[in-house]
2 protein chains.
Amino acid sequence: MPASRKEAEPGRCNNTALRKAARHVTRFYDGCMAESGLRTTQYAILNLLADRGPMTMAALAGLLVMDRATMGHNLRPLERDGLITIEVGRSDRREREVSLTDFGRQREAEGKTLWLKAQRRFEQAFGAEDAKAMRRVMARIAAMELDVQSVRPFGREV
Amino acid sequence: MPASRKEAEPGRCNNTALRKAARHVTRFYDGCMAESGLRTTQYAILNLLADRGPMTMAALAGLLVMDRATMGHNLRPLERDGLITIEVGRSDRREREVSLTDFGRQREAEGKTLWLKAQRRFEQAFGAEDAKAMRRVMARIAAMELDVQSVRPFGREV
DNA sequence: GAATAATATGGGCATATGAGACCATATGCA
DNA sequence: TGCATATGGTCTCATATGCCCATATTATTC
């Protein structure tokens, strides 16, 4: 009995539905990438840097819809292991420019092979077109304006 | 400029797409629930117990598509704060039966109000029907059989 | 009935996630 | 110039996530 068996009942909470799917799929992708020593989050970061070149932490965080502090945490193991460098921005010294090292570029390329396998196996099971549609829906959700409105007696939204 | 502004480019990785959406929505739900002192994961657990009664850690983990160890970790703060009790199973002493305390039931009820607000605001922005369809897709994904097949030379799949 | 396998959980480790307070730097404006 | 404000990151804290290994308990097998 595979670990994924569950009742069909979808549940009412949009957030929980998303998280359950994300947990399941992340476990699969992480498992596929395990032999590379990279987690999917790490690979996602390296892949962005490989495709788009160096960028600031805030830019990376924005692209991955991630808190800036979280991005800072996630970069540390990559820096420690020599996959990236983090340097003070030249034009704006508040910024930190994140760059791939040669080693990082190499590890990203190795990871791509495993990621592709995971991607193919997922889409073989789920359907390539369904997957594409799903990614579109996810992108739409990630781009939604969802601000926690603090209730303020005499208004003036912040 | 809200934090959610991003390019429309959906990206190719199914896992990353899911995680980005999950991060965004979780931040929103967590923000809405903040004044209750409950995270969405915690509320999801309490809600399951409130709706279905006491159950084992493994059952809870299965329902939330979560690793059993993860469920164990997540239960500890709830136990520490007196919202749940964890007792050795009567018929099978390997099991741990998780139950809501009166305090936990009360906190779950408080949380439900805030969760409902988050849910309504999300669906107002995203569309109730679209949300329903999205939850169905997520449930389908969460129920997929995705086993990391270890490559085995003369194969007998495990 | 003892050896063996399977199951449920706990502990330790590492990364993932984000809030809040804080610091450094940059920008706008008087 | 000088202050107020905005922005980018860091540090601390707490929870979230899942792996591996160990332990306890139950089920199987010979």
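Every heavy atom of this structure was used, including side-chain atoms; hydrogens, water molecules and symmetry mates were not. Chain identifiers are assigned alphabetically (A, B, ...) following the order of the sequence lines, protein sequences preceding nucleic acid strands; residue numbering begins at 1 within each chain. All values derive from a computational prediction rather than experimental measurement.
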Carboxylate-amine/guanidinium proximity below 4.0 Å for [X] and [Y]:
X: E95(B); Y: R90(B); answer: no
X: R135(B); Y: E123(B); answer: yes
X: R140(B); Y: D130(A); answer: yes

- Message: Tell me whether N15(B) contacts the main-chain N or O of Y29(A) through its side chain, where contact means a donor paired with an acceptor under 3.5 Å.
- Response: no
To the side chain of [X], which of [options] is closest?
X: M57(A); options: dG9(D), dA26(C), dT17(C); value: dG9(D)
X: T70(B); options: dG9(D), dT17(D), dT25(D); value: dT17(D)
X: R76(A); options: dG11(C), dT9(C), dC11(D); value: dC11(D)
X: R94(B); options: dT25(C), dA6(C), dT17(D); value: dA6(C)

Protein-nucleotide distance ([X], atom [atom1]; [N], atom [atom2]), rounded to Å:
X: D147(A); N: dG18(C); atom1: CG; atom2: P; answer: 15 Å
X: I45(A); N: dT15(C); atom1: CD1; atom2: C1'; answer: 11 Å
X: L146(A); N: dG18(C); atom1: CG; atom2: P; answer: 13 Å
X: F28(B); N: dT17(C); atom1: CZ; atom2: P; answer: 20 Å
X: N15(B); N: dG18(D); atom1: CG; atom2: P; answer: 11 Å
X: D92(B); N: dT7(C); atom1: CG; atom2: P; answer: 12 Å
X: M33(A); N: dC19(D); atom1: CE; atom2: P; answer: 15 Å
X: M71(B); N: dG11(C); atom1: CE; atom2: P; answer: 17 Å

- Mapping A22(A) and I86(A) onto DNA chain D by nearest heavy atom, which one lands closer to the 5' end? I86(A)
- Pick base, sugar-phosphate or nothing for T26(A), based on heavy-atom distances below 4.0 Å to the nucleic acid. nothing
N/O (side chain, [X]) to phosphate O (OP1/OP2, [N]) under 4.0 Å:
X: R68(B); N: dC19(D); value: no
X: R80(B); N: dT15(D); value: yes
X: R96(A); N: dA24(C); value: no
X: N74(B); N: dT15(D); value: no

Report, one pair per line, the protein and nucleotides 19-22 of chain C atoms (nitrogen or oxygen only) whose separation is under 3.5 Å.
| from | atom 1 | to | atom 2 | distance (Å) |
| --- | --- | --- | --- | --- |
| dA19(C) | OP2 | D67(A) | OD1 | 3.2 |

- Query: Do R105(B) and L49(B) come close enough that some side-chain heavy atom pair is under 4.5 Å?
  - Reply: no
- Non-hydrogen side-chain atoms of K20(B) and M66(A) separated by less than 4.5 Å: no
- Message: If you compare all heavy atoms of N47(A) against all heavy atoms of E108(A), which two are closest, and at what distance to 0.1 Å?
- Response: ND2-OE2, 2.9 Å
- Message: Counting only heavy atoms not in D102(B) (residues, nucleotides, ligands), do more than 12 fall under 6.0 Å from its CG?
- Response: no
